[in-house]
Peer 1: 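Here it is, the structure, as structure tokens.
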Amino acid sequence: MSSSSTLPYRTAVVTGASSGIGHATVEKLAAAGVEVHAIARRADRLKELSRRTGCIAHAIDVTNLESCRRALDGLEVDVLVNNAGVSHNDRLYDFPVEKIDQIIDLNLRAVLHLTRFVLPGMMARNNGHVVIVSSMAGHYPMLGSAPYSATKAAVSQFLDVMRLDTNGSRIRWTEIMPGRVATEVFEIAMGGDRKAAQEKFLDGKDPLQAGDLADMIMFALSAPAHVNISRIDAYPTRQASGGFVYAG
Ligand SMILES: NC(=O)c1ccc[n+]([C@@H]2O[C@H](COP(=O)([O-])OP(=O)(O)OC[C@H]3O[C@@H](n4cnc5c(N)ncnc54)[C@H](OP(=O)(O)O)[C@@H]3O)[C@@H](O)[C@H]2O)c1
């Protein structure tokens with residue numbers, strides 16, 4: 001453990017670090033004295049984040065497993081925050097075909113492979129913490145979100161299985177399951193139309209902020225070693241979801 005880290009971990013990897021929840025998480029981890037490896041595609045944003053926080057920037061596509069391997073090879077990763085994600089909203093019969101693979105590759109496939117990549121080292125050192133930012137959409141039906149919801153439900157189940165797979169070790173697994181958070185995810189889902197995204201998803205909704213989610217991640221990471229915060233389900237106060245949709 002680093003003498004300067006206030007967490008029981010030395011080295012962290014955060015995906016989706018160039019904006020939103022990932023960006024805020026890098027800031028808080030770096031402030032806690034952790035060596036942070038920040039992954040996203042936009043090099044300019046990572047450079048600025050690195051300048052401010054001292055994080056190590058890796059401007060790569062996390063769905064490119066070879067790039068991830070090259071970036072992380074030789075690191076003793078204690079914390080992996082699988083946060084990068086993409087969304088798109090359309091009923092499946094109208095869904096852009098190429099977006100289905102994009103969502104699965106980023107939200108699910110990359111998460112499994114990156115975890116598989118760092119896990120042997122965590123097992124060998126008997127120390128580690130894997131966080132996945134899922135979504136309430138993986139737990140409750142949300143119109144027009146079939147591919148996104150399917151990936152988020154899958155990572156939730158993945159975490160439940162991983163707690164069993166590594167039972168007896170000191171590796172912890174945390175699902176962060178947010179409702180609406182004010183980030184760029186909506187703008188990207190609406191093809192870059194910031195104004196429309198703002199009006200449709202955020203205005204008057206009093207959403208969570210990225211820093212709120214970063215605080216929840218830090219809470220889970222800083223719990224005593226015998227405590228695994230399995231799942232944090234966090235909504236804006238003005239948002240709620242029910243468990244039953246009757247269509248037809
Ligand atoms: N905002 C919400 O209301 C909400 C609610 C529930 C769950 N979530 C989940 O929260 C997570 C974080 O999203 P956010 O809300 O913070 O959105 P965001 O601001 O759009 O951040 C997404 C991040 O993912 C990165 N990314 C996208 N594709 C990538 C790729 N192929 N390789 C590497 N990085 C990639 C983006 O950076 P680059 O473009 O630079 O690569 C960006 O840093 C996602 O998993 C999302 O599903 C969000």
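Whatever order the structure lists ligands and atoms in, that order sets their numbers, starting from 1.
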Peer 1: What residue among Ser134, Ser230, Ser135 forms side chain to side chain contact (heavy atoms under 4.5 Å, CB included) with Glu175?
Peer 2: Ser134
Peer 1: Listing by chain and number, which residues have a heavy atom under 4.0 Å from ligand 1?
Peer 2: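 Shell around ligand 1 (4.0 Å, heavy atoms): Gly16, Ala17, Ser18, Ser19, Gly20, Ile21, Ala40, Arg41, Arg42, Ile60, Asp61, Val62, Asn83, Ala84, Gly85, Leu106, Val133, Ser134, Ser135, Tyr148, Lys152, Pro178, Gly179, Arg180, Val181, Thr183, Glu184, Val185, Phe186, Ile188.
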Peer 1: For Ser241 and Tyr235, does a side-chain donor sit closer than 3.5 Å to a side-chain acceptor?
Peer 2: yes
Peer 1: Pairing donors with acceptors under 3.5 angstrom, does anything connect the side chains of Asn82 and Thr115?
Peer 2: yes
Peer 1: Does either side chain, that of His129 or that of Thr174, offer a donor lying less than 3.5 Å from an acceptor on the other one?
Peer 2: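 Yes.
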Peer 1: Just by distance, do the side chain of Glu35 and the backbone of Ala12 share a donor-acceptor pair under 3.5 Å?
Peer 2: no
Peer 1: Is it true that Tyr148 and His88 have ring centroids separated by less than 6.0 Å?
Peer 2: no
